[in-house]
Number of protein chains: 2
Amino acid sequence: MNSTSDEIKDDYNFISEALIDIYDQIMRIEESEIRKSRFKDITAKELHLIHTIGLHDRKTTSEVSRVLKLSKGTLTANLNNLEKKGYIIRMINQQDRRIINLGLTSKGRLLYRAHYAFHRQLVESCLKGFDGSDIRKMRQALVNVEKFIDEVSSK
Amino acid sequence: MNSTSDEIKDDYNFISEALIDIYDQIMRIEESEIRKSRFKDITAKELHLIHTIGLHDRKTTSEVSRVLKLSKGTLTANLNNLEKKGYIIRMINQQDRRIINLGLTSKGRLLYRAHYAFHRQLVESCLKGFDGSDIRKMRQALVNVEKFIDEVSSK
DNA sequence: CCAAAATAGTTTGAATTTCAAACTATTTTA
DNA sequence: TAAAATAGTTTGAAATTCAAACTATTTTGG
């Protein structure tokens with residue numbers, strides 16, 4: 001395909017505008033889809049936290065608060081809520097008893113998988129009609145963004 | 001380029017994972033970049049609100065609260081803060097005096113342009129090395145996401 | 001023309017979320 | 001083995017959000 005520099009500029013503007021708005025909508029729709037299922041007591045933020053805790057990692061509270069850039073106090077409060085609602089468990093690490101390892105309950109794992117499946121559906125619809133090389137390009141674009149973010153952060 | 005279905009599946013997983021995390025980082029970095037400049041009193045949420053109010057539109061409070069899905073009360077509070085800090089002005093609409101039209105002050109416009117420029121930089125770094133047809137594909141992917149979101153919302 | 005209904009935005013009071021700082025318990029260091 | 005460092009919790013205050021009640025204005029229908 002042939003493109004003038006004006007057309008490319010329009011595309012840049014379009015992409016820039018769309019990106020600003022789309023993510024907000026994604027967060028909202030993920031929350032509202034999850035709340036239509038059996039997981040009616042979960043917010044978008046909690047979904048994000050459940051995702052970060054993950055299925056297998058046994059992360060510590062400190063690791064999670066670093067990744068999500070939440071203060072330790074805030075994370076403690078969030079974990080209390082998710083524990084009360086039965087999605088996560090705290091496990092005292094027996095090698096170092098200051099450390100709490102985090103895990104998902106079976107209910108938490110179900111939620112994790114439901115969320116992941118929905119997200120996956122979104123990505124599939126996004127890449128509908130794309131061939132392998134297109135998808136590689138898409139992947140490259142995300143790697144580029146990550147690199148840009150790293151550069152800006154460390155500067 | 002040739003790709004096996006396994007490679008494509010890996011790409012899907014990669015893209016899915018990356019998307020979940022990247023936006024949070026973008027929001028954070030936009031806020032922290034803006035705060036390094038003369039606009040030290042602005043949060044990511046306020047940046048989003050300033051962007052929505054826009055340079056030329058004279059939107060009403062109701063329009064903005066609908067777009068951002070904030071209650072009218074919440075928006076009033078946010079607007080009070082931005083007005084106090086000198087970024088926006090409220091203008092009573094003389095045709096219908098119930099309506100408040102919103103506008104950016106010159107300080108608000110400077111902030112808008114600084115934010116947009118940074119966002120634009122991010123998009124450019126993301127699409128570095130892409131040709132016109134690649135960029136069209138990227139644009140199509142975003143249109144697909146928007147369509148997916150609309151379908152899910154209206155179902 | 002005017003009373004009732006509708007609309008735009010603000011105020012209010014409660015709930016939730018967040019943070020930093022102080023604190024407790026445990027481990028590491030020197 | 002006492003002091004320092006680390007992991008996580010508690011605490012109190014500030015910020016954010018919402019729904020519902022409220023004020024001011026405009027539109028509607030008789």
Side-chain angles (χ1 to χ4, degrees), chain A residues 24-25 27-28 30-32 34-35 39-53 57-85 87-103, chain B residues 24-25 27-28 30-32 34-35 39-53 57-85 87-103:
Chain A
D24 226 45
Q25 294 178 58
M27 291 289 282
R28 209 163 3 241
E30 286 188 342
E31 176 175 309
S32 81
I34 269 312
R35 291 174 78 111
F39 307 109
K40 303 199 189 314
D41 54 358
I42 288 292
T43 65
K45 275 176 190 166
E46 288 173 325
L47 219 39
H48 198 174
L49 176 48
I50 296 264
H51 180 84
T52 302
I53 291 172
D57 296 350
R58 307 226 155 187
K59 293 203 178 71
T60 67
T61 300
S62 294
E63 282 175 313
V64 172
S65 79
R66 189 159 24 76
V67 170
L68 296 181
K69 262 105 178 171
L70 293 174
S71 73
K72 295 192 297 172
T74 299
L75 188 59
T76 293
N78 294 167
L79 292 173
N80 288 343
N81 292 339
L82 283 178
E83 197 178 36
K84 234 178 297 167
K85 291 191 262 188
Y87 290 96
I88 66 144
I89 44 168
R90 288 171 156 113
M91 294 163 286
I92 295 174
N93 181 314
Q94 290 307 330
Q95 274 68 57
D96 180 344
R97 294 189 3 262
R98 290 169 303 183
I99 295 175
I100 302 282
N101 287 112
L102 300 171
Chain B
D24 227 46
Q25 294 179 56
M27 292 287 283
R28 208 160 7 237
E30 285 188 344
E31 177 175 308
S32 80
I34 270 311
R35 291 174 78 111
F39 307 110
K40 303 200 189 311
D41 55 358
I42 287 294
T43 66
K45 275 176 190 165
E46 287 174 326
L47 220 38
H48 198 175
L49 175 48
I50 296 264
H51 180 83
T52 302
I53 291 172
D57 296 349
R58 307 228 154 185
K59 294 204 177 71
T60 67
T61 300
S62 295
E63 284 174 312
V64 172
S65 79
R66 188 158 26 74
V67 170
L68 295 182
K69 264 105 177 171
L70 294 173
S71 72
K72 294 191 300 172
T74 298
L75 188 59
T76 293
N78 294 167
L79 292 173
N80 288 343
N81 291 338
L82 284 177
E83 197 178 38
K84 236 177 296 168
K85 292 192 261 190
Y87 291 95
I88 66 143
I89 43 169
R90 288 171 156 112
M91 293 164 285
I92 296 174
N93 182 314
Q94 290 307 329
Q95 273 68 57
D96 181 344
R97 295 192 358 265
R98 290 170 302 182
I99 294 175
I100 302 283
N101 288 112
L102 300 171

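So you know, we letter chains A, B, ... as the sequences are listed, proteins then strands, and number each from 1. Only a predicted model underlies this, so the values are computations on that prediction, with no experimental measurement involved.
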Inset, instruction - Could you grab the distance from atom CG of B:Asn101 to atom OG1 of B:Thr61, nearest 0.5 Å is fine? - result: 8.5 Å
Inset, instruction - Could you tell me whether B:Arg28 atom CZ has more than 12 heavy atoms of other residues or ligands within 6.0 Å of it? - result: yes
Legend entry - Nearest-0.5 Å distance that lies between atom CD1 in B:Ile89 and atom CG in B:Leu79: 12.0 Å
Legend entry - Spacing of CG belonging to B:Asp41 relative to CD1 belonging to B:Ile34, to within rounding of 0.5 Å: 10.5 Å
Inset, instruction - Could you grab the distance from atom CD1 of B:Ile88 to atom CG of B:Leu49, nearest 0.5 Å is fine? - result: 7.0 Å
Legend entry - DNA chain D: 5'-most and 3'-most nucleotides touching chain A, 4.0 angstrom heavy-atom criterion: D:dA5 to D:dT10
Inset, instruction - Scan for salt bridge (charged side-chain N to carboxylate O under 4.0 Å, His left out) pairs involving residues 69-85 of chain B, sequence neighbours excluded, and state none if there are none. - result: B:Glu46-B:Lys85, B:Glu83-B:Arg90
Inset, instruction - List the steps and the verdict of side-chain contact (heavy atoms from CB on, under 4.5 Å) for A:Arg66 and A:Val64. - result: CA-CA 5 Å; A:Arg66 189 159 24 76; A:Val64 172; over 6 Å; no
Legend entry - Contact list for DNA chain C against residues 95-103 of chain A - heavy-atom distance below 4.0 Å: A:Asp96, A:Arg97, A:Arg98
Just the atom pairs and distances: protein N or O near nucleotides 14-18 of chain C's N or O, under 3.5 Å.
{"from": "C:dT18", "atom 1": "OP1", "to": "A:Lys45", "atom 2": "NZ", "distance (Å)": "3.1"}
{"from": "C:dT18", "atom 1": "OP2", "to": "A:Asn78", "atom 2": "ND2", "distance (Å)": "3.4"}

Inset, instruction - Indicate yes or no: at least one non-hydrogen side-chain atom of B:Leu47 is less than 4.5 angstrom from one of B:Met27. - result: no
Inset, instruction - Kindly give the heavy-atom pair with the smallest separation between A:Thr74 and A:Leu70, and that separation in Å. - result: CG2-CD2, 4.2 Å
Inset, instruction - Please examine the side chains of B:Arg35 and B:Thr43, heavy atoms only from C-beta on, and report whether any two atoms are closer than 4.5 Å. - result: yes
Inset, instruction - With rounding to the nearest 0.5 Å, note down the distance linking OG1 in B:Thr60 to CD1 in B:Ile100. - result: 10.0 Å
Inset, instruction - Note the angle between the end axes of the helix from C:dC1-D:dG30 to C:dA30-D:dT1, five pairs defining each, rounded to 10 degrees. - result: 20°
Legend entry - Heavy-atom donor-acceptor pair, B:Asn93 side chain to B:Ile99 backbone, under 3.5 Å: no
Legend entry - Gap separating the NE2 atom of A:His51 from the CG atom of A:Leu68, nearest 0.5 angstrom: 10.0 Å
Inset, instruction - Begin with the C-alpha distance, continue with both residues' side-chain angles, and end with the deciding distance and a verdict on side-chain contact (heavy atoms from CB on, under 4.5 Å) for A:Ile42 and A:Tyr87. - result: CA-CA 10 Å; A:Ile42 288 292; A:Tyr87 290 96; 3.5 Å; yes
Inset, instruction - Pull out every residue in residues 57-68 of chain B that has a heavy atom closer than 4.0 Å to any atom of DNA chain C, ordered by number, or say none. - result: B:Thr60, B:Thr61, B:Ser62
Legend entry - Trace of the side-chain contact (heavy atoms from CB on, under 4.5 Å) decision for A:Lys45 with A:Asn78: CA-CA 9 Å; A:Lys45 275 176 190 166; A:Asn78 294 167; over 6 Å; no
